[in-house]
Every structure is written in C-alpha cells, then in structure tokens.
Amino acid sequence: MLFDPYQRTINYLRISVTDRCNLRCRYCMPEKGLPLTPHDEILTYEEILRIVRIFAAEGISKVRLTGGEPLVRKGIVHFVSRLSEIEEIKDLSLTTNGLLLKDFAADLKRAGLKRINISLDTLNRDKFLLITRRNGYERVWQGIEEAMKVSLSPIKINMVAMKGFNDDEIESFALLTLHHPLIVRYIEYMPSGSGEEWKDGNILTIPEIKKRLEEMGRLIPIPSDQWDGPARRFRLEGAMGEIGLIGPVSDHFCEACNRLRLTPDGKIRTCLFSDEEIDVKAFLRNGGSDEDLRNQLLVALKTKPERHHINTHQFKKCQRNMSAIGG
Ligand code: SAM
C-alpha cells in the first residue's frame with residue numbers, strides 16, 4: 001500500500017498517452033491547438049509499461065488512460081492488452097471524447113478494457129460543433145451505442161456543466177439514465193486549460209445541478225464503492241442508469257484523493273492543479289534502475305499537496321494545459 005504524508009492511500013495512476021486531440025473544445029484548447037510535445041519526448045508504450053509494472057508492485061491497482069485523446073495514438077489497443085496483463089492492475093479504464101470509439105470499442109473490449117468514460121457536453125449537434133469546433137456529434141453517439149453493444153460496462157458520460165452554454169441540458173442528460181444503463185456525471189467547470197471563452201462566472205455548481213435534478217423526481221443516493229472516486233452517486237427513481245455529481249470547485253474532495261498522473265512526456269504530477277512535477281523520463285532514458293524509479297514514486301508521494309487552492313487567494317492557474325496532463 002502507498003500512502004502520502006496526509007495518510008491518503010494512493011492507488012490510482014492516470015496516464016496521459018498523448019497531448020494530441022482531434023477536438024478543440026473551447027474551454028480546453030485554443031482554435032489552432034497548442035504546441036505539441038515532439039514525438040521523441042513522448043514516453044514509448046514500453047516505457048509506460050515499465051513504470052506501471054514497478055508502481056503496481058508498490059500498490060497502484062487502478063489505471064486510467066487519457067490524453068489529449070488516447071484513441072488517436074497508434075497502437076493503443078495493443079497497449080491496453082499489455083496493461084491488462086499486469087496482474088496487480090484490478091481496474092483499467094479509458095477516457096475518450098468518443099469520436100473514434102465506434103471503430104475501437106470492440107477491439108478495446110477484447111484487449112481487456114472493462115469500462116469507459118466518454119466526454120460529451122451537449123446533446124445538440126450544433127452546440128457540439130460550437131463547443132468542440134468540430135463536427136462529430138453523431139459519431140460520438142454511434143461510439144456510445146457500440147460501447148453498449150460490446151458490453152463495456154459501466155459507461156460513464158462526463159458532462160462539464162457551464163452556465164449560459166449547456167445549463168439548459170441538465171435534465172436532458174439525466175433523462176438518458178431512465179432507459180439506458182449509462183452513468184451520467186456532471187462535472188464542474190474548472191479554472192484550467194487554454195480555452196478563451198469560459199470564465200469563472202460560467203461555473204454551474206453541483207448544488208445548483210442537484211437542486212434541478214431533485215425537481216425531476218426522487219434522487220436516491222447510492223452508496224459508493226472502492227472504485228468510485230470523487231463522484232457522489234444517485235439514481236432517479238425507476239431509472240436504469242445512474243447520476244454522478246463531481247464538484248472539484250464547490251466541494252473539493254482532496255482529502256479522498258488517491259491519484260497520481262503521468263504526463264505524455266514522462267512527468268508525474270501529484271495534483272491536477274499543481275505544477276510540481278517529478279521527472280521519471282530522465283531516469284528511464286539514462287539507465288535508471290527499477291529502484292531509481294521506485295524512489296521517484298516515493299518522492300511524488302512525499303510532495304503530493306494536501307489540497308488544491310481553487311477558490312482561495314493562493315490559487316494560480318497551472319502552466320500545463322489539461323490536454324497535456326490528462327483531465
Ligand atoms: N480526450 C479525452 C476526453 O475528451 O475525455 C481525454 C482528455 S480530456 C482533457 C479529459 C476531460 O477533461 C474531458 O472530460 C474534458 O471535458 C475535461 N476538461 C477539460 N478542461 C476542463 C475544465 N476546464 N473543467 C472541467 N473539465 C475539463
């Protein structure tokens with residue numbers, strides 16, 4: 001078991017396999033994209049596997065692949081199958097914008113992926129184009145349908161709620177859970193990223209969202225299990241699916257944080273909102289031993305901050321964009 005200085009158990013590694021993305025969500029990236037990390041600076045799959053094996057032996061049991069957009073990186077399916085062979089990894093998942101999911105869902109399932117998170121902020125195709133600056137709403141839906149068809153489960157739909165943009169869709173997203181085995185999760189917009197259009201005033205808080213959902217019917221709390229993470233779980237009475245509420249801004253859940261992040265260029269980040277990074281690539285590429293890498297993990301644990309400082313005067317927007325950290 002791995003613990004940080006605040007007695008939190010750390011068992012979760014989020015791996016961003018690329019900083020490339022096939023969307024340009026306004027709240028995340030500028031229209032022209034961001035300077036990309038040169039190819040040879042990106043960790044190879046073999047390097048990531050080595051890190052995961054070492055960290056898994058110490059206590060990491062949960063891995064999520066993210067990006068950028070993880071499905072744009074070549075060889076991702078084979079990489080998933082290699083990860084799924086690591087015995088200590090009990091929970092392997094992936095976060096995608098869904099654009100390529102229709103083509104990948106069956107292969108990912110065969111490769112050993114059990115569950116998937118799909119980011120989708122609107123159920124309206126024109127608004128999809130407005131926010132992502134790309135067409136593709138139908139393709140994302142086909143991806144979600146394919147994921148259901150091949151029984152990736154659970155399927156979580158993550159919606160970043162923003163005032164004046166998709167706040168009129170809170171109820172429509174919740175209605176999806178009535179007849180589909182989907183988990184719809186509302187996530188507060190966070191002050192991160194290089195998007196130019198959404199500002200602090202756009203945050204639709206979880207308490208506001210919950211109030212709206214309660215007006216739709218009985219919202220029954222569901223006890224959380226060990227794999228739940230920060231979402232508070234609910235079910236609308238009679239619904240097949242579930243609702244999750246994630247409020248990193250209004251209800252910071254740092255005391256339960258169990259995660260570390262690995263960036264595409266081989267840095268461990270101990271908090272989404274801290275620019276403190278521990279360089280593991282330097283050890284990987286300079287003949288570092290497994291023991292050296294284990295020590296870097298221990299350094300990361302020691303430096304994990306107690307909490308983020310969004311909502312306080314100490315808060316500074318972090319240097320790295322969300323697309324290069326892995327949200
Ligand atoms: N491309 C993948 C996807 O779309 O899920 C993975 C990477 S993306 C950076 C991960 C998640 O971060 C997405 O759900 C996205 O909506 C979310 N995200 C990006 N910027 C955010 C922000 N400022 N506040 C809240 N969520 C954000």
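These values consider heavy atoms only, across backbone and side chains, with no hydrogens, waters or symmetry-generated copies. Note that ligands are numbered from 1 as they come in the structure, with each ligand's atoms numbered from 1 the same way.
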Heavy-atom proximity to atom 2 (C) of ligand 1 ranks first, among Cys21, Gly68, Ser119, for Gly68

Close-contact set for ligand 1 against Val160 heavy atoms, below 4.0 Å: 16 (O), 25 (C), 26 (N)

So is Glu69 polar-close to ligand 1, meaning N/O to N/O under 3.5 Å? yes

So, are Asp91 and Arg115 salt-bridged, with charged N and O less than 4.0 Å apart? yes

With a cut-off of 4.0 Å, which atoms of ligand 1 are near a heavy atom of Thr66? 6 (C), 7 (C)

Are the charged groups of Asp290 and Arg50 less than 4.0 angstrom apart, N to O? yes

What atoms of ligand 1 come closer than 4.0 angstrom to any heavy atom of Glu188? 25 (C)

Pairing donors with acceptors under 3.5 angstrom, does anything connect the side chains of Thr37 and Asp265? no

Linking Ile, Leu, Val, Met, Phe, Trp and Tyr through side-chain heavy atoms less than 4.5 Å apart, which residues share a cluster with Phe3? Met1

Excluding sequence neighbours, so at least two apart, what forms side-chain hydrogen bond (donor to acceptor under 3.5 Å, both in side chains) with Glu58? Arg294

Report the part of Thr96 (side chain from C-beta onward, or backbone N, CA, C, O) that has a heavy atom under 4.0 Å from ligand 1; answer both or neither where that applies. backbone

Both conditions, 6.0 Å and 45 degrees, for the charged tip of Arg73 above the ring of Tyr45: are they met here? yes

If you measure every N/O of Tyr27 against every N/O of ligand 1, is any gap under 3.5 Å? yes

